[in-house]
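Not measured: the values here are computed from a predicted model. In listed order, ligands and their atoms are each counted from 1. We number each residue from 1, following the sequence as shown.
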Amino acid sequence: MKELLKELSAANTPQDLDNIKSKWLGKKSELKTLMDGLRDLPADQRAARGAEINKLRESYEDAIEDAKKDLSRRLINEKLANDNFDMTLPGGGTRPGALHPVSVIEQKCIDAMRRLGFTVTTGPEIEEPSYNFDLLDIPLHHPARDLQDTFWIEKDKKLLRTHTTSVQSRFMMSLKGDESKLPIRIVSPGRVYRNEAVDASHLAIFHQFEGLMVGHNIKLSELKGTIEFILKEIYGPNVKIRFKPKYYPYTEPSIGADIDIGLGWMTIVGAGMVSPQVLRNFGFDPKRVSGFAFGFGTSRLAGEFTGANMRELYGMDLRVFKKLAGAK
Ligand code: DAH
């Protein structure tokens, strides 16, 4: 044992220790010879001798283990002493993440509308043509139904919704014309899909933010006021807004709104008064019930807000997002 300890204290590398270990515990070690010798002992002495040898082996193993720990501590200390390691240098710092610009705008829209008493409703992205088109009076020959514009999952049966207006359909349908459930005040943010040629300002997937209010005596002026309210919440009180006439099959009259925040006019919302026929499609009597609806292009709002084009906005390039974060 003394001999072993002497050898261990002279070891300078892990390799030295391995050699010592195999010399003292390995196949050609004295210990192994002692173990082999057990076979020749009379049976009544074997157990006692075996226990002795085991004890010896354990003491060797412990000594080697201790030496290993000592050596690694010694090596680390030597390394630290010789390295130019400056413990006082500041670390790399933490880089907190941030929400995607589309999520930021979506949340701003939701917050604004909550203050007006609206609640968030969602609908499926894989939709039936009835909710996406028919109940909204978008007829069969309408170009929006065209193969070029709609991603059909199953011909004439299932599609990827082309607008969040499908959520209006589902919600109104769920009320079954029950006037006691009015007013409806819902908003619905979400992804929509168009089978479009992709360029800097058009993508096959983007985000919209739908709003619907249906009740008694709802007026166009309230629609205008609501749109203005949201836009001012996002862009501040000085945002330039202009309204213009538009056409949608499901609203009468239909309007659009453009904003200018210094980059020229850009259309960011389609809207209108829910058409009498659409109200009837969901079991409401247009003589007593009226409503407004709008669909914001959340992606466009986020683009305007950050100065990014569509491809950058959805490009998932962190360098772009960092630039955007710095810009606003
Ligand atoms: N669905 C229209 C679009 O995708 C936007 C829109 C227009 C939504 C008028 C509406 C609406 O709710 O009333 O461009």
Side-chain angles (χ1 to χ4, degrees), residues 102 105-106 109 113 116 118 120-123 125 127 129-139 142-146 148-151 159-173 183-196 201-215 218-227 230-231 243-259 266-282 284 286 289-301 303 310:
V102 171
I105 291 292
E106 219 168 70
C109 290
M113 295 304 288
L116 300 181
F118 283 66
V120 176
T121 308
T122 53
E125 290 177 18
E127 190 48 283
S130 58
Y131 291 117
N132 198 83
F133 293 132
D134 301 280
L135 288 161
L136 296 167
D137 273 349
I138 302 175
H142 194 282
R145 295 179 81 130
D146 216 307
Q148 272 155 23
D149 281 301
T150 306
F151 285 116
L159 50 80
L160 290 177
R161 68 178 179 197
T162 60
H163 52 185
T164 44
T165 314
S166 57
V167 185
Q168 288 190 30
S169 308
R170 284 188 173 266
F171 196 85
M172 283 203 267
M173 197 54 126
I184 297 170
R185 273 180 299 186
I186 54 160
V187 286
S188 176
R191 255 189 310 235
V192 299
Y193 302 81
R194 304 257 171 103
N195 196 351
E196 300 221 43
S201 52
H202 292 93
L203 286 184
I205 303 181
F206 53 101
H207 286 74
Q208 288 190 333
F209 184 85
E210 190 81 12
L212 173 70
M213 174 155 194
V214 176
I218 311 289
K219 297 192 213 74
L220 184 64
S221 53
E222 284 156 335
L223 169 59
K224 267 185 79 189
T226 307
I227 290 175
I230 298 185
L231 291 174
F243 289 93
K244 62 187 179 186
K246 284 270 257 175
Y247 169 75
Y248 297 102
Y250 33 96
T251 43
E252 183 56 42
S254 305
I255 61 169
D258 303 344
I259 54 167
M266 181 173 209
T267 304
I268 38 79
V269 59
M273 301 305 292
V274 183
S275 85
Q277 184 53 45
V278 168
L279 287 170
R280 256 181 244 120
N281 289 349
F282 295 106
F284 292 107
V289 171
S290 60
F292 67 69
F294 58 81
F296 274 100
T298 331
S299 310
R300 283 201 176 170
L301 289 175
M310 284 303 114

Separation between [atom1] of [X] and [atom2] of [Y], rounded to the nearest 0.5 Å:
{"X": "Glu210", "Y": "Ile186", "atom1": "CD", "atom2": "CD1", "value": "8.0 Å"}
{"X": "Ile184", "Y": "Phe118", "atom1": "CD1", "atom2": "CZ", "value": "10.5 Å"}
{"X": "Phe294", "Y": "Gln208", "atom1": "CZ", "atom2": "CD", "value": "11.5 Å"}
{"X": "Glu125", "Y": "Phe151", "atom1": "CD", "atom2": "CZ", "value": "13.0 Å"}

_Suppose we screen for salt bridge (Lys or Arg N to Asp or Glu O under 4.0 Å). Which residues come up paired with Lys244, at least two apart in sequence or across chains?_
Asp258

*Could you please provide the protein residues found below 4.0 Å of ligand 1 on a heavy-atom basis, arranged by chain and number?*
His163, Thr165, Gln168, Arg194, Gln208, Glu210, Tyr248, Tyr250, Thr251, Gly270, Ala271, Gly272, Ala293, Phe294, Gly295

_Thr121 versus Pro189, closest heavy-atom pair with distance_ = O-CD, 4.3 Å

